[in-house]
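Here the structure is laid out as structure tokens; the discussion comes afterwards.
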Protein chains: 2
Amino acid sequence: MCASKNYKEISIGELNRSKILNAAEKEFALHGFKGARVQQIADRAELPKTNVLYYFKSKESLYLALLEDILRLWNSRFDEATVSDDPAEVLAQYIADKMEISRCRPDASKMFALEIINGAPNLDTFFKDQHASWMAGRVDVIKQWIDQGKLAATDPHYLLFNIWATSQHYADFSIQINELRGKSMTQTDFAEATNNLVKLILTGCGLSVPTEFE
Amino acid sequence: MCASKNYKEISIGELNRSKILNAAEKEFALHGFKGARVQQIADRAELPKTNVLYYFKSKESLYLALLEDILRLWNSRFDEATVSDDPAEVLAQYIADKMEISRCRPDASKMFALEIINGAPNLDTFFKDQHASWMAGRVDVIKQWIDQGKLAATDPHYLLFNIWATSQHYADFSIQINELRGKSMTQTDFAEATNNLVKLILTGCGLSVPTEFE
DNA sequence: ACAAAAGCTGACCATTTAGTCTAGTATTTA
DNA sequence: TAAATACTAGACTAAATGGTCAGCTTTTGT
């Protein structure tokens, strides 16, 4: 069910680029930027190391290309929500979208987590400003919902942090989760976890759970 | 308010060891095991590199010593809770303890997060087994609470994952949080965030919030 | 068909890295 | 106070790493 590319009519270069990006995402997720090795990315992509550096001029530019890709993942329907939308629907869908990313792109989530934990040295001011203004806009909408009595009073910042923390946890800490559950999460498990999380967050905000998440 | 050692009567060796451990925790939290550099740990500890390798025979043994320390942090009063305890009290206190760790030992939390994200290559079978049996015990207690009608029906695994995810997020993603809030979290902010989180989780479990967390 | 562009890669290099060695200086102990 | 232990530190090394280069082959557009 995860989105995947149509492999017809793509040049050998595009194919290799995508092989390299996939391999690199895995390696960076496993070892972070400093810890990842170009040779191991090459091995995983089944290409000689020189080939990796042919397509991406340096380890850093490969990392940055990947990071840019990942930041685009964060876009969602919640970005355009306004005060006239139904908060229960919007938030439930946002949570579900986040959970879907954790299921389909766990390594992207891990790479992003590492970048933040390591002090976000590669996220430039432009991204940070953009991110901050996105946040300001969303906080504003949530505040208006609260003012209209649609939502229990709560700090919108903490609400969003909680949504990110819980949903991303299923990707970032999947090793621990699988260990403790004694089995890995199937698609059905993810659906159950999503409903569980929607219920927790929405109930916590004084909202009722939309029927499709019950 | 964070716990700290009494520096009287400690030998120069103990002092240096602790300097090194502090410096290493920071470096490992910033770069992960592979990415951290012994030289930078030494610089941060204000000791020559050779000195670091005098006290800890290798980068790996330093990392392991630190990791062992950190695993002990996870111990809490929740470990001994039984079905006869009040779930609201116990869970609220557990959440508060976790938040306190995020506030006082953010680098420890980050190091642990990196270890898990990177596939837990240094957590041995003994720890994993111990952790799994701890989990089984706690899941059991929560289930009994649910059977007794003290707690709304929910999967105890997800409940614990949610508590960890949200509380650790304040340490692991502090850079992002500070950026988006436009200021860093004070002790007061942490108290507020703790109460907010206790309310979310407990309400989500159908529990009422103990007065000290309101 | 053919030239230009794109793709490929082994050999190589400068730098960085964890860790050693040796030779010393403080500090503790008997 | 002498011997033993604990600590300090510069010089060094072997291995690993990111990256270059020059010459090769394959693909593509006309």
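All of these numbers come straight from a predicted model, not from anything done at the bench. Throughout, protein chains are lettered first and strands after them, A, B, ... in sequence-line order, and every chain is numbered starting at 1.
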Given protein heavy atoms under 4.0 Å, the one-letter contact record of nucleotides 6-13 of chain D, with B base, S sugar-phosphate only and - none, is simply SBBBB---

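In terms of heavy atoms, B/A96 sits closest to B/T194 at CA-CG2, 3.8 Å.
When rounded to the nearest whole Å, the span between NZ of A/K34 and C1' of D/dA16 equals 16 Å. Summarising the geometry, the separation between NZ on A/K57 and C1' on D/dT20 is reported as 14 Å, rounded to the nearest angstrom. The interatomic distance linking A/Q39 (CD) with D/dG19 (P) rounds to 13 Å, in whole Å.
Ionic pairing of A/R105 and A/E25 is present here: one or more N-O contacts between side-chain nitrogen and carboxylate oxygen are shorter than 4.0 angstrom. Using a 4.0 Å cut-off between a side-chain N of Lys or Arg and a carboxylate O of Asp or Glu, A/K26 and A/D107 qualify as a salt bridge. Salt-bridge check for B/D189 with B/R181: passed, with a basic side-chain N closer than 4.0 Å to an acidic carboxylate O. Taking 4.0 Å as the cut-off between side-chain N and carboxylate O, B/R17 and B/E14 do not count as a salt-bridged pair.
Here chain B contacts DNA chain C (any atom closer than 4.0 Å to a heavy atom, that is under 4.0 Å), and the contacts span C/dT17 to C/dC21 from 5' to 3'.
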Please list, one pair per line, the donor and acceptor atoms closer than 3.5 Å that link side chains of residues 27-45 of chain A to other protein atoms, with sequence neighbours excluded.
unit_1: A/E27; atom_1: OE2; unit_2: A/R44; atom_2: NE; d: 2.8
unit_1: A/E27; atom_1: OE2; unit_2: A/R44; atom_2: NH2; d: 3.0
unit_1: A/R37; atom_1: NH1; unit_2: A/K34; atom_2: O; d: 3.2
unit_1: A/Q39; atom_1: NE2; unit_2: A/D43; atom_2: OD1; d: 3.0

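Counting any heavy atom pair closer than 4.0 Å across all strands shown, B/A36 reaches sugar-phosphate atoms only and no base atom.
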Full working for ring pair (Phe, Tyr, Trp, His ring centres under 6.0 Å) between A/W164 and B/F173: CA-CA 10 Å; A/W164 297 340; B/F173 287 72; 8.7 Å; no

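Side chain to side chain, B/E192 and B/N196 fail the donor-acceptor criterion of an N or O pair below 3.5 Å.
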